[in-house]
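What follows is one structure encoded as structure tokens, with my remarks underneath.
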Amino acid sequence: MSTVGLCRTDVHLYDEGRLDDIIINEPITIGHEISGTVSKVGVGVTTLAVGDRVAIDPCRPCGHCKLCKKNRTNLCENITLSGVIKIDGGFAYYMTTPASTCYKLPDHVSLEEGAMMEPMSVGVNAVRRANMTEGDYVIVIGAGPVGLFSMQCAKVLGAGKVMMVDLNESRLALAKKLGADVTLKPTKTPDASCAGEEMKKALGDSADLVIECSGGHGTVNAAIHACRPGSKVVMVGFGEMAFHAHIGSAAVKEIDVIGAFANANNYLECVDLVSRGLVDVKSAISHRLPLSRVKEGMELIRKGQSVKVVIDCNE
């Protein structure tokens, strides 16, 4: 193993033993944002060789169920997911994984960047799920790693204007550096309609797409109010699993409220975008810690003192 990113999902699993319906019933090594160097290959493996530097997709679909046959492999009925569902992950010195989950990194792409392919792939999946069209006005709520990557992917894929919304000013400054056209630190208000109006005013128009990456209280409701009729809200954040939202308003305005989970076979696209310098994933890394200090990294996440913490498994 080389670099493994720490995710709030890891903190939920460590603290609570579950993330909503994903329940840990037996000991597991966590860590699902993974990069490493091939040290040994199994019999019959021809696509990899010892010494290859790879990003590792944690998703391991069965390939045979109805959803896999529809190419919805991230929703596989029998899925295992390294570090999350039934299979050991990357916070270790070594791990085993199918060759099909390994994506070679070009020489100029670092192993740190390779570990960021997983959260970036979530952002790509969110934008792709929305079928965003060129020129769309996009709001991204939550300037964490997935939000920052979603914002950049929306820009690369042709968004007309992208606004980042967050309560943390340093994260908004980073979003601006990474290409956000507009940033907004919203007024704390319990009224979703007012919050939606505030976002529309800052954006300069209603949104065609809102990507909710924070999981914060009331954010999906505010997103619905920020949208124009016929638009879309994509839910990525896993904070508020049960929430109150004005679904009637969404229905009347024909706003599609869509879920996005993990990635849908888009690692190659992610490696390509980073390789060509179109998406900057390295700037999201705020802390680098050795494997012996994983708990310290988790505490940084709990306190909101980091953007992305990565663990060096070789130290």
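The figures here come from the full heavy-atom set of this structure, side chains too, leaving out hydrogens, waters and symmetry mates. Note that the structure is a prediction, hence the values are computed from the model and not measured.
Residues Ala223 and Val210 approach most closely at CB-CG1, 3.5 Å, considering heavy atoms.
Applying the salt bridge (charged side-chain N to carboxylate O under 4.0 Å, His left out) test to residues at least two apart or on different chains, the pairs with a partner in residues 186-202 are Glu197-Lys200.
Not a single donor-acceptor pair under 3.5 Å links the side chain of Arg129 to the backbone N or O of Val234. Judged by distance alone, the side chain of Ser35 and the main-chain N or O of Thr3 form a donor-acceptor pair under 3.5 Å. Glu212 places a side-chain N or O within donor-acceptor distance of the main-chain N or O of Gly215, the cut-off being under 3.5 Å. Listed for the Asp312 side chain is no donor-acceptor partner under 3.5 Å among the backbone atoms of Pro290. In this structure a side-chain-to-backbone donor-acceptor pair under 3.5 Å is present from Lys253 to Cys227. A donor-acceptor pair under 3.5 Å links the side-chain atoms of Glu113 to the main chain of Ser110, judged by distance alone. Side-chain atoms of Gln152 come within 3.5 Å of backbone atoms of Asp280 as a donor-acceptor pair (strictly under, hydrogens ignored).
Looking only at atom types and distance, the side chain of Thr101 has no donor-acceptor partner in the side chain of Arg60 under 3.5 Å away. The closest side-chain donor-acceptor pair between Ser121 and Glu118, if any, does not fall under 3.5 angstrom. Counted by atom type alone, Asn71 and Asn265 present one or more donor-acceptor pairs between their side chains at under 3.5 Å. For the residue pair Asp136 / Thr133, a side-chain donor-acceptor distance below 3.5 Å is found, with atom types taken as modelled. Side-chain contact annotation: Thr9 with His32, donor-acceptor N/O pair under 3.5 Å absent.
Annotation for Glu169: atom CD does not count as buried by contact number, only 12 or fewer foreign heavy atoms lying within 6.0 Å.
The residues Asp181 and Lys155 are annotated as salt-bridged, a charged nitrogen and a carboxylate oxygen being separated by less than 4.0 angstrom.
Interatomic distance, Asp88 CG to Thr96 OG1, rounded to the nearest 0.5 Å: 8.0 Å.
Counting heavy atoms from C-beta outward, Met151 and Met163 have side chains that stay 4.5 Å or more apart. Considering only heavy atoms from C-beta on, Arg18 stays 4.5 Å or farther from Leu13 through its side chain. Using a 4.5 Å heavy-atom cutoff, the side chains of Lys308 and Pro145 are in contact.
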Show every donor-acceptor pair shorter than 3.5 Å between a side-chain atom in residues 292-303 and any protein atom, with sequence neighbours excluded, or say none if there are none.
from: Arg293; atom 1: NE; to: Glu296; atom 2: OE1; distance (Å): 2.9
from: Arg293; atom 1: NH2; to: Glu296; atom 2: OE1; distance (Å): 3.2
from: Arg293; atom 1: NH2; to: Glu296; atom 2: OE2; distance (Å): 2.7
from: Lys295; atom 1: NZ; to: Tyr14; atom 2: OH; distance (Å): 3.4
from: Glu299; atom 1: OE1; to: Arg302; atom 2: NH1; distance (Å): 2.8
from: Arg302; atom 1: NE; to: Asp15; atom 2: OD2; distance (Å): 3.0
from: Arg302; atom 1: NH2; to: Asp15; atom 2: OD1; distance (Å): 2.8

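Just one residue in the list Thr73, Asn263, Asn74 forms a side chain to side chain donor-acceptor pair (under 3.5 Å) with Asp57, and that residue is Asn263.
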Where do Arg228 and Asp208 land on the salt bridge (Lys or Arg N to Asp or Glu O under 4.0 Å) test, with the steps shown first? CA-CA 6 Å; Arg228 73 175 83 253; Asp208 300 290; 2.7 Å; yes

